[in-house]
Visitor: 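Take this structure, written in structure tokens, and hold onto it; I'll ask about it next.
Everything numeric in this text was worked out from a predicted model, so none of it was measured. Scope of the values below: all heavy atoms of this structure, side chains included, with no hydrogens, waters or symmetry mates. Residues take their numbers from the sequence shown, with the count starting at 1.
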Amino acid sequence: MWMGDSRGGDPGAAVEGTNGELGGQAHLGLGDVPGLSAQASLPIMPSWPLPLASSALTLLLGALTSLFLWYCYRLGSQDMQVLGEASRAGGVSGGPGRCSEVGRPGPGGIGDPGEGPRAEGLVSRRLRAYARRYSWAGMGRVRRAAQGGLGPGGGPVALGIQRPGLLFLPDLPSAPFVPRDAQRHDVELLESSFPAILRDFGAVSWDFSGTTPLPRGWSLPLSPGCYQLLLYQAGRCQPSNCRRCPGAYRALRGLRSFMSGNTFGNAGFSVLLPGARLEARCGPTNARVRCHLGLKIPPGCELVVGGEPQCWAEGHCLLVDDSFLHTVAHNGSPEDGPRVVFIVDLWHPNVAGAERQALDFVFAPDL
């Protein structure tokens, strides 16, 4: 212990060792050891502050990482707009007095997602939530669609014959009728299931006269002469109807491109009585293709899509892009009986797997 300048007045206060080991050197002063005075005058320096430097470096790296993540988040979460308001006349929903096979007429219709995510900005929020959970990889077209693919100069929309009411996915090949080879597997499966599906229709069919109570499972006609029985409605399975139509349900389960988990996805029987006509309208999105399997096709039935007329054939599929303006008519006589088709919504063949997964998340049936 250093005892310099003690109160006793001896400037050469002793340095006592333990048990007096240094007693003989008790009167050594600063001047008695060369260099000791100089060393004593230097400030006492701590050892190299390695822990402090490591902490500072860690804080710096953490700050840079946080800044980078914030930048990525801002880059990926730009304000995106939904594609536009759904067209009331020919888009997402029809009104009373209308019936459409490709535009939902209201509850129970084969067509659009009804009360799906139509509010402004909801599509954008759902898409951002998907990107946070998974990734933005492969989402280029979906992001552009959410940013506004339906504005002026938005490609085929400007022509007035293709006006999807809710979602326009850019850069998809556009044609009113899609070649069968684009969905070869599903087309061949449905055509091979034609006898079973026709048998199922016979089991649930009725006289469609309107004078008897509406059978269980059939939707109320919003337009005279139009009836529908759905196995899937807006991406939701209808268990009671599926149990009554086992052949059709088995065929649906075997399809590769059926939009079974999306509010754009519907499947079921569509009946059009003689003299009935479905007004011109457009479907909700160009990301789907509607497959029509002809079950009973009397003379005088016509389907016009994008100005191109076509007709169904019994036992054969017709692939339709219902985002194009289209009309349906049964111009036959009452003796010809109703026109019956089995309709299934399939993914457009040029929508990639990553885009399908994202759109299934955005337009999930639970919304």
Visitor: Report the distance from atom OH of Y227 to atom CZ of F208, rounding to the nearest 0.5 Å.
Guide: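 With rounding to 0.5 Å, OH (Y227) is 8.0 Å from CZ (F208).
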
Visitor: Report yes or no: do R339 and S270 form a side-chain donor-acceptor pair below 3.5 Å?
Guide: yes

Visitor: Name the residue from V341, I197, L318 that meets the side chain to side chain contact (heavy atoms under 4.5 Å, CB included) definition with L293.
Guide: I197

Visitor: Would you indicate whether the side-chain heavy atoms of Q183 and L319 approach each other to under 4.5 Å?
Guide: yes

Visitor: Among residues at least two apart in sequence or on other chains, which ones pass side-chain contact (heavy atoms from CB on, under 4.5 Å) with C237?
Guide: Y232, C242, Y249

Visitor: Under the rule for side-chain contact (heavy atoms from CB on, under 4.5 Å), what residues qualify as partners of A175, not counting sequence neighbours?
Guide: none

Visitor: Considering only residues two or more places apart or on different chains, which pairs with a residue in residues 346-357 satisfy salt bridge (charged side-chain N to carboxylate O under 4.0 Å, His left out)?
Guide: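 Listed once each, the pairs are R141-E355.
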
Visitor: Any donor and acceptor pair, going by atom type alone, linking the side chain of H348 with main-chain N or O of S174 inside 3.5 Å?
Guide: no

Visitor: Taking the side chain from W218 and the backbone from V204, do they hold a donor-acceptor pair closer than 3.5 Å?
Guide: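 Looks like yes, one N/O pair under 3.5 Å.
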
Visitor: Within this structure, what is the CZ-CG distance for the pair R126 and L359, rounded to the nearest 0.5 Å?
Guide: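 Reported value, rounded in 0.5 Å steps: 11.5 Å.
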
Visitor: Hey, is the main chain of G337 close enough, under 3.5 Å, to the side chain of H330 for a donor-acceptor pair?
Guide: yes

Visitor: Closest approach of F324 and V305, non-hydrogen atoms and distance?
Guide: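 Heavy atoms of F324 and V305 come nearest at CB-CG1, 3.8 Å.
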
Visitor: Can you pull the salt bridge (charged side-chain N to carboxylate O under 4.0 Å, His left out) pairs that have at least one residue in residues 170-181, sequence neighbours excluded?
Guide: R144-D171, R180-E191, D181-R184

Visitor: Out of curiosity, does V304 fall in the hydrophobic cluster containing F177 (side-chain heavy atoms, cut-off under 4.5 Å, transitive links)?
Guide: no

Visitor: So which residues get pulled into L59's cluster when ILVMFWY side chains under 4.5 Å apart are joined, directly or through others?
Guide: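 None; L59 is a cluster of one.
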
Visitor: Can you list every side chain to side chain donor-acceptor pair (under 3.5 Å) pair that touches residues 192-201, not counting sequence neighbours?
Guide: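 Pairs touching residues 192-201 that pass the test: none.
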
Visitor: Give, for atom SG of C282 and atom CG of L166, the distance between the pair rounded to the nearest 0.5 Å.
Guide: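 Rounded to the nearest 0.5 Å, the SG-CG separation comes out at 13.0 Å.
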
Visitor: If you round to the nearest 0.5 Å, how far is NE2 of H316 from CZ of F194?
Guide: 8.5 Å

Visitor: Of all residues at least two apart in sequence or in a different chain, which pass the side-chain hydrogen bond (donor to acceptor under 3.5 Å, both in side chains) check with S333?
Guide: E335, D336

Visitor: Using a 4.5 Å cut-off on heavy atoms from C-beta on, say whether the side chain of V289 contacts that of P349.
Guide: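 P349 vs V289: side chains touch.
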
Visitor: If the condition is side-chain contact (heavy atoms from CB on, under 4.5 Å), which residues does R256 pass it with, not counting sequence neighbours?
Guide: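 R256 satisfies side-chain contact (heavy atoms from CB on, under 4.5 Å) with H185, D186 only.
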
Visitor: Can you sort out the partners of F201 under ring-ring contact (aromatic ring centres under 6.0 Å, His included), two or more places apart, ordered by chain and number?
Guide: F269

Visitor: Using atom types as modelled and distance alone, determine if a side-chain donor or acceptor of N350 lies under 3.5 Å from a backbone N or O of L172.
Guide: no

Visitor: Using the side-chain hydrogen bond (donor to acceptor under 3.5 Å, both in side chains) criterion, which residues pair with R244? Sequence neighbours excluded.
Guide: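 Partners of R244 under the side-chain hydrogen bond (donor to acceptor under 3.5 Å, both in side chains) test: none.
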
Visitor: Can you name the residues that form a side-chain hydrogen bond (donor to acceptor under 3.5 Å, both in side chains) with Q238, not counting sequence neighbours?
Guide: none

Visitor: What pair of heavy atoms forms the shortest contact from A234 to N266, and how long is it?
Guide: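 Between these two residues, the closest heavy atoms are N-OD1, 2.7 Å.
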
Visitor: So, D322 and R288, do they make that salt bridge, N to O below 4.0 Å?
Guide: yes

Visitor: What distance separates R163 CZ from L325 CG, expressed to the nearest 0.5 Å?
Guide: 5.5 Å

Visitor: Can you name the residues that form a side-chain contact (heavy atoms from CB on, under 4.5 Å) with Y134, not counting sequence neighbours?
Guide: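 If we apply the side-chain contact (heavy atoms from CB on, under 4.5 Å) test to Y134, skipping adjacent residues, the hits are Y130, Q357.
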
Visitor: State, yes or no, whether a side-chain contact exists between E302 and T327 at a heavy-atom distance under 4.5 Å.
Guide: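 No, every pair of side-chain atoms sits at 4.5 Å or beyond.
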
Visitor: Would you confirm whether S323, through its side chain, and P164, through its main-chain N or O, come within 3.5 Å as a donor-acceptor pair?
Guide: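 Side chain of S323 to backbone of P164, a donor-acceptor pair under 3.5 Å: no, none is there.
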
Visitor: Find the distance between CG (L229) and OG (S219) and round it off to the nearest 0.5 Å.
Guide: 7.5 Å

